[in-house]
Amino acid sequence: MSNVFDVLKERGFIEQCTHEDEIREMLGKESTTFYIGFDPTADSLHIGHFLQIMVMTHMQKHGHRPIALIGGGTTMVGDPTDKTDMRKMLTREQIKANGEKFKLVFKKFLDFSDGKALMLDNADWLLELNYVELLREIGVHFSVNRMLAADCYKSRMEKGLTFLEFNYMIMQSYDFYVLYKDYNCKLQLGGNDQWSNILGGTELIRRKSGGQAYGMTFSLLTTSDGKKMGKTEKGALWLDPEKTTPYDFYQYWRNIDDADVRKCLSLLTFLPMDEVERLSSLEGAEINKAKEILAYEVTKMIHGEEDAEKAQQTARSLFVKQGDSDDMPTTEFKSAEIAQMDIIEILIGTGLVPSKSEGRRLVTQGGVQVDGEKVEGLDYKLPPEKISGGSVIIKKGKKTHHKIKID
RNA sequence: GGGGGAAUUCCCGAGUGGCCAAAGGGGGCAGACUGUAAAUCUGUUGGCAGCGCCUUCAGAGGUUCGAAUCCUCUUUCCCCCA
């Protein structure tokens, strides 16, 4: 069997390793227990988490044992890394509820049978810690001087950092120590922003038990110009279909920057690397094929084959031919009422536009089409033959389609 | 605990009595060009109504013909000293 280290390396996951050679050797010869932590700060995982799930999946396929660690305890504190503001405090109940949702997702991607993977929650050991005891047991091993020098706190030195958040690193380090001790977990993985937190853990393990633990971080999903990937108008790109519909999800990848195609294919799909190479070296309009495959593959993994198929069909019918589709946001109107409405009111009625001013702007600038015909005037009303026709498609800009059903 | 500063429209950030719905940038939206891409260029970006009105500049009061701009109190944040 190939070494998963080489696979991850080839696909561009790996960013930093504590001990590159030793890790490679270990992964090549023994089944290794490793962990990745997920803080349930929201009620759904997002695409950044998915990247970590991909890693766990690759690892498990190669015979290693993942521990998906839910950060029920760490979330009570909040990771200051890369945050400009302090995270709002979540209640224990919210955290628990979020954690439950996370668990369902992990079960979809990992095989938890016969202990092939574990799911733990650090609330189980963090919440009952005794303060003074922790300070004496763990706190002694941390140098504040060194912590302050860590990159992840640097940015916060200007904005301010509370003592609460400052302790996050200690919590996470302690997690690693517990897992090392109780589950023989020798490796912690995470996004590259977790580097200092991971190092904290390996050092703690060394100091406390003299044991050797390893850490490795993965590239964050960023676009070619360095911005965080997975941002949509509505915020993050969520895995929960209630929060990001499969169609929107599909479209996100379908519209990805050319320069990001290779990275996405290799990180977010299981396509063999020669196929990834072939697809991402397509040029000009050809590369759209690669984007379609990317979008389809990723959507399939997250929402299942059926939804991926539907999203693809919808996208094709909307963009290639000026088509109709059931899988499209839809608003229903009574024929009597819609006959009275002008285009602005219709736009508002569908929620395509939040105010009349914006509706006017949009129409004036030529951004609205009804059944493929550009709406020219603000006083446009649906012609009678369309009202009796059952449904019309309104297009806002190039990419937003909305169906109106009339009965 | 003492002293000093700050809070502006989605974000950053100008504005220090009328010319302010508020510069500039970012972001968003739309148009052109394209490949449902990027870059670029153009328009637009509080609301309602076709240029007049209404609600905005942390909150509550006050001074003024008139305040985002001045005063008072409140809240929050930052900095320095202890």
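All chains are named by letter (A, B, ...) in the order of the sequence lines, taking the proteins before the strands, and each is independently numbered beginning at 1.
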Does the structure show a Watson-Crick or G-U wobble partner for [N], both distances under 3.5 Å? Name it, or say none.
{"N": "rA21(B)", "answer": "none"}
{"N": "rA6(B)", "answer": "rU76(B)"}
{"N": "rA67(B)", "answer": "none"}
{"N": "rA30(B)", "answer": "rU42(B)"}

What's [X] touching, base or sugar-phosphate or nothing? Going by heavy atoms closer than 4.0 Å.
{"X": "Arg361(A)", "result": "sugar-phosphate"}
{"X": "Glu286(A)", "result": "nothing"}
{"X": "Gly366(A)", "result": "sugar-phosphate"}
{"X": "Lys291(A)", "result": "base"}
{"X": "Leu378(A)", "result": "base"}

Query raised in the report: Looking at Phe270(A), does the NZ or CZ of Lys61(A) lie under 6.0 angstrom from its six-membered ring centre and within 45 degrees of the ring axis?
Result: yes
Query - Beyond-backbone contact of His46(A) with Leu239(A), side-chain heavy atoms, under 4.5 angstrom - result: no
Requested in this report: Just label rC79(B) as syn or anti from its O4'-C1'-N9-C4 or O4'-C1'-N1-C2 angle, using within 90° of 0 for syn.
Outcome: anti
Query raised in the report: Is any side-chain N or O of Lys399(A) closer than 4.0 Å to OP1 or OP2 of rA37(B)?
Result: yes
Query raised in the report: How far, in whole Å, is rG15(B) from rU9(B) if one measures between their C1' atoms?
Result: 13 Å
Query raised in the report: Looking only at atom C1', what distance separates rC65(B) and rU56(B), rounded to whole Å?
Result: 22 Å
Query raised in the report: Pick the nucleotide of RNA chain B nearest each of Ser357(A) and Thr400(A); which residue has the one closer to the 5' end?
Result: Thr400(A)
Query raised in the report: Starting at the 5' end of RNA chain B, which residue's closest nucleotide do you reach first, Lys396(A) or Ala285(A)?
Result: Lys396(A)
Query raised in the report: Below 6.0 angstrom between ring centroids: does that apply to Phe176(A) and Tyr35(A)?
Result: yes
